[in-house]
Amino acid sequence: EAGVTQFPSHSVIEKGQTVTLRCDPISGHDNLYWYRRVMGKEIKFLLHFVKESKQDESGMPNNRFLAERTGGTYSTLKVQPAELEDSGVYFCASSQEPGPWETQYFGPGTRLLVL
Amino acid sequence: KNEVEQSPQNLTAQEGEFITINCSYSVGISALHWLQQHPGGGIVSLFMLSSGKKKHGRLIATINIQEKHSSLHITASHPRDSAVYICAAHLGGATNKLIFGTGTLLAVQP
């Protein structure tokens, strides 16, 4: 069974440009999470999808970030326009069910560098 | 101040040593997760616990709910244990977010 995949693995863009990150969860996992780690800081929650619905988007930093999960399968996270402070590693995770006892399976992350 | 604090931030040990990584949290939790990330690798879940102790191979996780403190122990450490170890608090209830510590970078030297 394939794990969580993310694309691209790395992205280098200039300030003001747009970048779209993609996450493919494990097949059958309704719950999809986006997290971000900026340099030297802890990983922080961005949002949680249940199927195609945003269950919790309290961690989204501002309206330059737009997450979608059309059809409840893969998800995209678009940053437009990108700023220097958006640099970091963006992780996606998925789980079959929500809840504190559900293992979240993480993707390898997308390393974003905004110059 | 982070809601989840880990110590130490960096740890170097000799092969065979007993290792302890600490995690303190200031929020009410439903579960405390320990995760591992090898260099260049993905994040994998090691343990989820809300009371007592769990053991898997040479890894042991303990938690004291009253003191809001958890520890991850590695017995007979090996160079392949070198990784970043991260604790994360799951708040439960209506939210399913994990609140992460900054991680502990462990290097086990042969």
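Within every chain, numbering begins at 1; the chains are lettered A, B, ... in the order of the sequence lines, protein sequences first and strands thereafter. Small disclaimer: the values here were computed from a predicted structure and weren't measured.
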Heavy-atom proximity to chain A below 4.5 Å, by part of [X]:
X	answer
B:Q37	side chain
B:L35	side chain
B:I86	side chain
B:S30	both

Flag yes if [X] and [Y] sit in one hydrophobic cluster, no otherwise; membership is Ile, Leu, Val, Met, Phe, Trp, Tyr, and two members link when side-chain heavy atoms are under 4.5 Å apart.
X	Y	value
A:I26	A:Y74	no
A:M39	A:L84	no
A:V79	A:W34	yes
B:V108	B:L11	yes
A:F91	B:V84	yes

With a 4.5 Å heavy-atom cut-off, do A:I43 and B:I43 have their side chains touching?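 The answer is yes; the side chains approach within 4.5 Å.
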Contact between B:L98 and A:Q104 at the side-chain level, heavy atoms closer than 4.5 Å - yes or no?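 Sidechains of A:Q104 and B:L98: in contact.
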Does B:Q14 CD have over 12 foreign heavy atoms under 6.0 Å away?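 Yes, enclosed.
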Within a reach of under 6.0 Å around NZ of A:K15, are more than 12 heavy atoms found that belong to other residues, nucleotides or ligands?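 Result for NZ/A:K15: open.
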Give the member of A:S95, A:P98, A:P108 that has the highest number of heavy-atom pairs under 4.5 Å with chain B.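 Most pairs with chain B among the choices: A:P98.
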Against chain B, work out which of A:Y33, A:W101, A:Y35 has the most heavy-atom pairs shorter than 4.5 Å and name it.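 Of A:Y33, A:W101, A:Y35, A:W101 has the most heavy-atom pairs under 4.5 Å with chain B.
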Give, as side chain, backbone, both or neither, the part of A:Y105 having an atom under 4.5 angstrom from any heavy atom of chain B.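 For A:Y105, there is no contact with chain B at all, as no heavy atom is under 4.5 Å.
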Straight-line distance of A:Q55 CD to B:K97 NZ, nearest 0.5 Å: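 A:Q55 atom CD to B:K97 atom NZ measures 12.0 Å (nearest 0.5 Å).
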Tell me, with the steps shown, if B:N2 and A:E42 meet side chain to side chain contact (heavy atoms under 4.5 Å, CB included). CA-CA 9 Å; B:N2 291 344; A:E42 70 277 12; 3.4 Å; yes
Kindly give the heavy-atom pair with the smallest separation between B:N96 and A:G99, and that separation in Å.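 Closest pair (atom of B:N96, atom of A:G99, distance): OD1-N, 2.6 Å.
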May I ask you to decide if A:P100's main-chain N or O and B:H33's side chain share a donor-acceptor pair within less than 3.5 Å?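 Yes; at least one donor-acceptor contact below 3.5 Å.
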